[in-house]
Amino acid sequence: MNQEETVERTPQRVLRGEKIAQFLCVSCHADNQNRLTGKRMTDVPKAFGKIYSSNITQHPTTGIGAWSDSDLLRFLRTGRRPNGSLAPAMPRFPLMADEDLRSIVAWLRSDAFPVQASEQPAPRSRYSLPVKLIAKKMFRPLPMPQKVILVPDSTDSVAFGRYVADGMVGCFNCHSAGLTRLNPLEPSRSKGYYGGGTRLIGENGKPVYSSNLTPDRETGIGRAYTRETFVRAVRWGVGHDGKPLRYPMMPHVTLTEREAGAIYDYLQTLTPARVKIPKG
Ligand code: HEC
Ligand code: HEC
């Protein structure tokens with residue numbers, strides 16, 4: 001994937017890319033008509049400045065129509081734009097399978113409505129001075145993977161679930177002990193991996209703490225969830241008690257039952273961590 005490449009836009013890739021983009025890109029980039037023209041990131045604390053996601057439609061000047069497929073693949077892996085600038089507010093996908101990443105690119109290039117060229121420019125992000133200073137030191141582009149990354153065989157539910165959770169969706173980013181102690185290249189070395197407790201910004205700016213997803217019987221999913229209710233929680237955003245889970249936990253409706261179930265199988269293999277989560 002390091003060489004220049006053009007991603008062949010097969011119908012399978014476009015479908016798969018759309019499915020992944022639904023839970024990975026749309027929530028941050030879609031305007032209220034579901035076009036990916038970018039918008040203000042209201043979840044970002046005010047002290048960071050005014051951050052806007054970009055127009056990533058096919059428009060050649062306001063969107064990414066002029067980027068090559070390799071430009072996009074490199075940006076999604078490393079966080080570095082073709083002009084060398086970095087995008088600290090944009091997640092990166094260093095462990096996603098090559099084929100899944102290509103599928104996202106194929107979808108971005110397809111004739112799907114959300115990505116059709118729109119000339120509406122996204123306002124430029126204005127990072128506050130402290131964030132600029134910290135970002136210069138802290139935010140480094142990630143390296144390009146040196147090996148081919150494959151989707152594990154789905155008959156090995158644990159390995160497959162680990163890939164879906166860590167490589168494809170990145171559940172650990174929210175469900176570990178904090179946003180500043182994450183290890184994007186080796187998720188399991190993140191502080192409090194899947195023990196939860198990260199303070200996130202919910203609706204109306206109120207804090208919401210991420211749940212403990214380890215199998216602990218008092219504080220983790222071992223206390224209340226079966227494989228079935230877990231799958232329902234992940235796909236439909238409904239808790240074990242039937243109540244809706246709060247934003248920023250989102251439904252992942254395009255994940256299949258097999259994928260969500262495999263995440264459960266993987267989480268069952270983790271050491272139970274006793275982490276009491278504040279109510280928020
Ligand atoms: C958490 C919110 C968030 C998610 C999720 C997200 N993005 Fe972004 N993205 C941003 C922000 C914010 C920027 C602009 C960063 C900056 O420069 O301030 C951005 C910038 C970009 C750019 C650079 C565009 C340019 O013209 O510079 C591309 C390409 C992009 N995103 C693609 C994607 C794709 C594809 C996905 C899904 C795989 C995705 N993004 C998911 C927030 C997000
Ligand atoms: C953007 C951050 C974020 C991401 C990404 C995320 N979650 Fe969550 N999740 C949360 C928060 C916050 C809560 C708590 C919601 C509440 O208290 O109502 C939560 C709750 C849950 C619950 C309910 C647990 C309980 O104790 O009732 C499950 C299950 C869950 N998440 C699984 C997942 C899985 C699996 C993924 C990846 C496919 C994922 N989450 C991705 C933030 C996130």
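As the structure lists them, so they are numbered: ligands from 1, and atoms in each ligand from 1.
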Where the side chain of [X] meets the backbone of [Y], is there a donor-acceptor pair that is under 3.5 Å apart?
X: Thr229; Y: Tyr225; answer: no
X: Asp216; Y: Ile221; answer: no
X: Arg77; Y: Met96; answer: yes
X: Ser190; Y: Pro187; answer: yes
X: Thr214; Y: Leu270; answer: no
X: His175; Y: Tyr193; answer: no

[X] touching ligand 2 at heavy-atom level, < 4.0 angstrom:
X: Arg223; answer: yes
X: Tyr209; answer: yes
X: Tyr225; answer: yes

What donor-acceptor contacts under 3.5 angstrom involve side-chain atoms of residues 18-26, with partners at least two apart or in another chain?
from  : atom 1 : to     : atom 2 : distance (Å)
Lys19 : NZ     : Thr254 : O      : 2.9
Lys19 : NZ     : Glu259 : OE1    : 2.6
Lys19 : NZ     : Glu259 : OE2    : 3.2

Any atoms of ligand 1 less than 4.0 Å from a non-hydrogen atom of [X]? List them with their elements.
X: Phe93; value: 38 (C)
X: Ser125; value: 16 (C), 18 (O)
X: Tyr127; value: 15 (C), 16 (C), 18 (O)

Taking the side chain as C-beta and beyond, is there a heavy-atom pair between Thr57 and Gln116 under 4.5 Å? no
Side chains of Met90 and Ser53: closer than 4.5 Å at any heavy-atom pair?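 They are not in contact (no side-chain heavy atoms under 4.5 Å apart), so the answer is no.
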Walk me through whether Asp265 and Arg227 qualify under salt bridge (Lys or Arg N to Asp or Glu O under 4.0 Å). CA-CA 8 Å; Asp265 297 339; Arg227 194 174 193 272; 2.9 Å; yes
Nearest-option assignment for atom 29 (C) of ligand 1, heavy atoms, candidates Phe75, Phe23, Phe48: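 Answer by nearest heavy atom: Phe75.
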Starting from [atom], which protein heavy atom do you reach first, and at what distance in Å?
atom: atom 41 (C) of ligand 1; answer: Leu24 O, 3.2 Å
atom: atom 26 (O) of ligand 1; answer: Trp67 CZ2, 3.8 Å
atom: atom 17 (O) of ligand 2; answer: Arg246 NH2, 2.9 Å

Could you list the atoms of ligand 2 found under 4.0 angstrom from a heavy atom of Val208? 12 (C)
When you check the space around atom 8 (Fe) of ligand 1, which protein N, O or S atoms turn up under 2.8 Å? His29 NE2, Met90 SD
Is there a polar contact between ligand 1 and Arg81, counting only N or O atoms under 3.5 Å apart? yes
Just checking, is any N or O donor in the side chain of [X] or [Y] under 3.5 Å from an acceptor N or O on the other one?
X: Asp43; Y: Tyr247; value: yes
X: Tyr163; Y: Asp100; value: yes
X: Asn212; Y: Thr219; value: yes

Take Glu218 and Lys276 through the salt bridge (Lys or Arg N to Asp or Glu O under 4.0 Å) test and state the conclusion after the steps. CA-CA 9 Å; Glu218 273 177 39; Lys276 191 130 179 44; over 6 Å; no
Under-2.8 Å protein N/O/S neighbours of atom 8 (Fe) of ligand 2, ordered by chain then residue number: His175 NE2, Met249 SD
If you draw a 6.0 Å radius around CD in Glu257, do more than 12 non-hydrogen atoms from other residues or ligands fall strictly inside? no
For ligand 2, indicate whether the residue Phe230 contacts it via side chain, backbone, both or neither (heavy-atom separation under 4.0 Å).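 The answer is the side chain of Phe230.
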Quick look: Arg232 vs ligand 2, heavy-atom contacts under 4.0 Å, and the answer is neither
Ligand 1 versus Leu76: contacting region, heavy-atom distance under 4.0 Å: side chain
Which atom pairs, one a donor and one an acceptor, fall under 3.5 Å between side chains of residues 239-246 and the rest of the protein, sequence neighbours left out?
from   : atom 1 : to     : atom 2 : distance (Å)
Asp241 : OD1    : Lys243 : N      : 3.1
Arg246 : NH2    : Lys279 : O      : 3.3

Asp69 vs Arg109, test: salt bridge (Lys or Arg N to Asp or Glu O under 4.0 Å). Steps then yes/no. CA-CA 9 Å; Asp69 290 352; Arg109 306 298 201 194; 2.9 Å; yes
